[in-house]
Amino acid sequence: MTQPMDLHGLLDQLLLRESLDAVRRLGDAFADICWQDLSETEISAIVVDFLPFLTRLAGRIRADLRQSPLPLSDKGRLRIDALLRVYRCAQLMLNLKLNSLSERVDHDSGREYLVRTHQDRVDWAIRTVMDCYLSYVDVPKSLYVDLHQVVELARSELQEVQPVGWQSIYQHYVAILTLAVVNPYGLTREEMEDSYSCLVQVGGAIELVRDKPTPTSRFIDLTGKIMPHLALTTRGGLTESGVFLDLGGLYHPETTAGLSLVCRSQLYHLLDHLKFFFVGRGEREGQSTLLGQRKQQTSLITLGFLSVHHRLERLSQKKGHHESTIALAGLDWEGLEQPIRGKVAPISGVADFKVDIQTPNLGEEVDWYAGVGARHDGIKHHQSLNEPSTWDVVNFSASGFRFHWRLSSNSHAAVDDLLLAEWPEQDKAGSAMTIGIVRWVRHMDAEHKTIDMGVQRFSGTLFASYARVYQTGDTRWSKRWPVIVQLDQRAVPVRIILATALAVEAQELLVMQEETEMRLALGSVCQTGQGFLMMEAQRVDA
């Protein structure tokens with residue numbers, strides 16, 4: 001296919017095709033074209049027609065990629081692959097456009113189009129890198145290389161003749177590099193997009209250094225062999241193939257002076273993440289090593305606030321105790337507007353752990369033994385807790401863990417999820433379990449069947465309980481909410497993990513501890529998670 005008219009006919013057909021089929025057909029058509037045989041007029045007509053179509057096609061594919069980022073489904077993998085193919089077609093069109101502009105840069109309109117075309121090339125590369133980050137998959141090495149090369153070409157052609165246009169491209173470039181070294185796999189999808197927009201605004205304070213690194217700089221491998229957040233130090237033979245990203249300017253007060261409060265808060269959050277990357281590997285290992293700890297090969301993991309609460313309560317029950325209660329906060333379960341309570345049958349093992357929760361009419365009691373929960377209209381609502389699953393332990397320390405999780409169909413994970421780990425044996429501190437929060441996640445193999453996950457470990461002793469809002473003169477248990485209380489070495493409550501909805505409506509809580517209740521005043525927020533908050537707490541009735 002070499003004639004423009006054939007391509008116009010193809011474009012009409014592609015508009016009616018499903019997105020993935022359109023990508024495949026377009027790729028085959030472009031591969032068959034002998035571009036050198038086409039005139040400049042013919043090439044310009046193809047670029048004018050197909051470049052806007054590629055933009056819309058990429059938008060359609062991204063809109064279809066509406067799913068939980070973990071685990072990435074087969075459908076999601078196909079769409080990531082399609083976005084990479086669309087990116088290649090777009091860069092081809094933009095490269096052809098640049099060649100056609102080479103003889104018209106002496107005119108004002110030609111220079112304007114030149115700047116805009118370079119900006120489009122960089123934007124396409126950055127947007128495709130973000131597509132990988134938002135799906136928690138590795139960025140292809142060739143895509144990193146493309147990003148560096150299209151920026152270098154823009155610098156060589158624009159820095160002297162169009163400094164304003166080059167500055168805009170530069171700020172977008174260093175913004176995506178900064179996001180990369182902070183480790184985007186440790187951010188939520190919303191944090192990635194919002195942080196990038198904020199970093200563009202302060203890009204002028206970020207410098208690229210090509211010789212000796214500064215104490216606040218990170219190595220960027222221009223060959224794409226090392227992902228930016230992994231290049232903690234330069235490696236032999238690679239220094240000449242890279243640059244240093246100096247982030248020291250982000251710490252200057254004048255950098256944030258003109259930013260909005262939201263953007264300023266996001267920038268401070270990123271700088272907090274950066275602390276980890278400016279500490280040497282040996283020093284980090286020395287800080288986190290737990291002496292005398294024998295490495296565990298596997299661990300039983302429970303994910304999610306309510307699931308962790310339920311599992312922790314089960315583990316802490318005394319032998320012979322056959323009854324328990326479960327309270328579910330409406331915010332954490334779709335379809336439930338009010339917490340519900342009921343007796344729960346004892347379980348004998350992991351296989352029996354998953355509980356199907358059925359929602360009755362308001363006012364009905366839940367009979368967990370008989371499985372009652374059918375409404376009078378015959379409709380049932382099912383929700384289930386995440387059951388524990390076995391994960392491989394890569395390494396662990398006093399401060400955190402690193403796991404490899406082979407994905408199962410009944411469980412999802414995300415940054416800021418609560419996690420309970422159970423060890424086969426007790427550690428030196430006498431504990432056989434610990435609670436932490438997921439700090440970064442990444443699909444690690446070609447099939448995206450396994451997640452590489454880092455977890456920050458909470459200190460102290462934690463127990464699962466239930467709470468109600470404290471009101472003077474009110475002794476009724478109008479609502480019960482699941483909470484997890486953290487105690488210090490003297491068994492004094494210091495923090496509490498609770499549903500976000502409960503934190504919004506309460507300043508003081510009455511929390512059950514064994515057969516008594518204690519009154520806790522809520523303080524500042526320490527951690528923000530998926531549907532829960534960890535807050536400072538102080539006992540006020542002791």
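Heavy atoms only: backbone and side chains are in, while hydrogens, waters and symmetry mates are out.
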When you compare the side chain of [Y] with that of [X], does any pair of heavy atoms fall below 4.5 Å?
X	Y	result
Val181	Ile220	yes
Ile451	His404	no
Ile301	Phe403	yes
Tyr144	Lys225	no
Leu267	Leu199	yes
Asp417	Val441	no
Trp481	Tyr466	no
Gln513	Arg539	yes

Steps toward side chain to side chain contact (heavy atoms under 4.5 Å, CB included) verdict (Ile61, Val23): CA-CA 10 Å; Ile61 297 172; Val23 172; 3.8 Å; yes
Sequence-distant partners of Ser459, side-chain contact (heavy atoms from CB on, under 4.5 Å), two or more places apart: Gln486
Quick one: [atom1] on [X] to [atom2] on [Y], what's the gap to the nearest 0.5 Å?
X	Y	atom1	atom2	result
Arg490	Thr461	CZ	OG1	13.0 Å
Trp405	Ser299	CH2	OG	13.5 Å
Tyr136	Met192	OH	CE	3.5 Å
Met130	Glu193	CE	CD	5.0 Å
Gln530	Thr500	CD	OG1	9.5 Å
Leu522	Met535	CG	CE	5.0 Å

Between [X] and [Y], a side-chain donor and acceptor under 3.5 Å:
X	Y	result
Glu536	Ser524	yes
Tyr87	Asp146	yes
His172	Tyr196	no

Which pair of non-hydrogen atoms, one from [X] and one from [Y], has the smallest distance, and what is that distance?
X	Y	value
Val139	Leu143	CG1-CD2, 3.8 Å
Phe458	Thr434	O-OG1, 4.0 Å
Ile437	Thr528	CD1-O, 4.3 Å
Phe305	Pro482	CZ-O, 3.4 Å
Ser142	Arg88	OG-NH2, 3.4 Å
Val415	Leu187	CG2-O, 3.7 Å

Test applied, side chain to side chain contact (heavy atoms under 4.5 Å, CB included); reference residue, Leu533; option that passes from Ile497, Val525, Val504: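 Among Ile497, Val525, Val504, the one that satisfies the side chain to side chain contact (heavy atoms under 4.5 Å, CB included) with Leu533 is Val525.
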Reference residue Phe401; test side chain to side chain contact (heavy atoms under 4.5 Å, CB included); the match among Val438, Val394, Val455, Leu419: Val455
Greater than 12 external heavy atoms within 6.0 Å of Arg85's CZ: no
Over 12 foreign heavy atoms within 6.0 Å of CD, Gln538: no
Stepwise side chain to side chain contact (heavy atoms under 4.5 Å, CB included) test for Leu509 and Leu498: CA-CA 11 Å; Leu509 299 176; Leu498 68 168; 4.1 Å; yes
Are any side-chain N or O atoms of [X] and backbone N or O atoms of [Y], one a donor and one an acceptor, separated by less than 3.5 Å?
X	Y	result
His309	Ser465	yes
Asp246	Val209	no
Thr390	Leu300	no
Arg218	Pro228	yes

Side chain to side chain contact (heavy atoms under 4.5 Å, CB included) evaluation trace for Ile484 with Val308: CA-CA 9 Å; Ile484 298 175; Val308 167; 4.0 Å; yes
Criterion side chain to side chain contact (heavy atoms under 4.5 Å, CB included) on Val485 and Met518, from CA distance to verdict: CA-CA 11 Å; Val485 180; Met518 56 182 173; 4.3 Å; yes
Ion pair check, Asp131 and Arg127, cut-off under 4.0 Å: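 Judged by the 4.0 Å cut-off on N to carboxylate O distance, Asp131 and Arg127 do form a salt bridge.
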Residue from Arg24, Arg79, Arg60 passing salt bridge (charged side-chain N to carboxylate O under 4.0 Å, His left out) with Glu18: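 Among Arg24, Arg79, Arg60, the one meeting salt bridge (charged side-chain N to carboxylate O under 4.0 Å, His left out) with Glu18 is Arg79.
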